[in-house]
Amino acid sequence: MARSTSKDAQALFQSLFSAYAATPTTLKIIDLYVIYAVFTALIQVAYMAIVGSFPFNSFLSGVLSCIGTAVLAVCLRIQVNKENKEFKDLAPERAFADFVLCNLVLHLVIINFLG
């Protein structure tokens, strides 16, 4: 089995970067939103590890809110992507309306879980 070198890794990252450069701006914005939501969840987990988890419902609500929002954003990205043939009949406005409605339901459940 051949060993991979750093040149192989550089070629891989260059090809990924060039392929991602062709991605539409709307999908890049959704990707940034997903990264932000996951990063916020990681900050909350780190804070809980350092300080403690006294109001555990608050910790769970915050993390589940971030992860749920990220999952819904990934679903939005899949539906808005023009290269995805499965959702070609779905208008982007309808996909965004579904995203907003599902986020509303998610956050109502999260607020109810807080107590």
Side-chain angles (χ1 to χ4, degrees):
M1 187 170 192
R3 300 190 77 184
S4 63
T5 63
S6 63
K7 289 182 182 181
D8 293 337
Q10 287 176 350
L12 174 69
F13 284 120
Q14 287 175 353
S15 67
L16 285 173
F17 183 72
S18 64
Y20 190 73
T23 303
T25 307
T26 54
L27 295 181
K28 288 180 182 178
I29 291 171
I30 295 172
D31 291 342
L32 285 174
Y33 182 69
V34 170
I35 290 169
Y36 170 74
V38 171
F39 183 68
T40 304
L42 291 175
I43 288 174
Q44 290 178 6
V45 169
Y47 180 81
M48 191 257 334
I50 293 170
V51 176
S53 65
F54 166 61
F56 195 65
N57 281 359
S58 298
F59 165 70
L60 282 180
S61 295
V63 170
L64 292 177
S65 174
C66 291
I67 298 301
T69 301
V71 168
L72 290 174
V74 169
C75 293
L76 175 66
R77 188 190 194 285
I78 291 170
Q79 292 176 354
V80 172
N81 191 358
K82 298 286 186 204
E83 295 177 6
N84 192 352
K85 303 298 182 207
E86 190 172 335
F87 296 102
K88 65 180 177 181
D89 297 333
L90 185 68
E93 294 83 10
R94 165 73 192 271
F96 186 71
D98 290 345
F99 171 73
V100 170
L101 181 67
C102 289
N103 259 317
L104 186 68
V105 171
L106 171 72
H107 286 90
L108 285 174
V109 170
I110 294 295
I111 290 171
N112 187 33
F113 182 70
L114 275 172

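From a predicted model like this one, the values you see are computed outputs, not experimental measurements.
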Tell me whether Val63 is reachable from Phe113 by hopping between hydrophobic residues (I, L, V, M, F, W, Y) whose side-chain heavy atoms are closer than 4.5 Å. yes

To the nearest 0.5 Å, how far apart are CZ in Arg77 and CG in Leu72? 15.5 Å

Scanning both residues in full, the closest heavy-atom pair of Lys28 with Ala21 reads NZ-O, 3.5 Å

Residue pair Asp8, Leu12: steps toward the side-chain contact (heavy atoms from CB on, under 4.5 Å) verdict: CA-CA 6 Å; Asp8 293 337; Leu12 174 69; over 6 Å; no

For Asn57 versus Leu114, what's the shortest heavy-atom pair and its separation? O-CD2, 4.1 Å

Reported OG1-to-CD distance for the pair Thr23 and Glu83, which is rounded to 0.5 angstrom: 7.5 Å

Rounded distance [0.5 Å steps], CG in Leu90 versus CD1 in Ile78: 12.0 Å

Thr5 vs Gln10, test: side-chain contact (heavy atoms from CB on, under 4.5 Å). Steps then yes/no. CA-CA 9 Å; Thr5 63; Gln10 287 176 350; over 6 Å; no

Can you give me the closest heavy-atom contact between Gly62 and Gln44, atom names plus distance? C-OE1, 2.9 Å

Under 6.0 Å between ring centres: does that hold for Phe56 and Phe59? yes

Apart from Ile50 itself, what residues make up its hydrophobic cluster when side-chain heavy atoms of I, L, V, M, F, W and Y under 4.5 Å apart count as a link, directly or indirectly? Tyr47, Val51

Under 4.5 Å between side-chain heavy atoms, counting indirect links through other Ile/Leu/Val/Met/Phe/Trp/Tyr residues: same cluster for Ile67 and Leu60 or not? yes

Under a 4.5 Å side-chain heavy-atom rule over Ile, Leu, Val, Met, Phe, Trp and Tyr, are Phe96 and Leu101 clustered together? no

For Asp98, all residues meeting side-chain hydrogen bond (donor to acceptor under 3.5 Å, both in side chains), sequence neighbours excluded: Arg94

Val100 and Leu27: same hydrophobic cluster, using ILVMFWY side-chain contacts below 4.5 Å? yes

Let me confirm one number: the CD1-CD1 distance from Ile35 to Ile30, rounded to the nearest 0.5 Å. 12.5 Å

Enter the distance from Ser65:OG to Asn103:CG here, rounded to the nearest 0.5 Å. 8.0 Å

If you define the side chain from C-beta out and look only at heavy atoms, does anything of Ser58 sit under 4.5 Å from Met48? no

Out of curiosity, does Ile29 fall in the hydrophobic cluster containing Val71 (side-chain heavy atoms, cut-off under 4.5 Å, transitive links)? no

How close do Ala41 and Cys66 get, heavy atom to heavy atom, and via which atoms? CB-CB, 3.7 Å

Of all the heavy-atom pairs spanning Ser18 and Ser15, show the shortest one and how long it is. OG-O, 3.0 Å

Closest non-hydrogen atom pair, Asp31 against Tyr20: OD2-OH, 2.6 Å

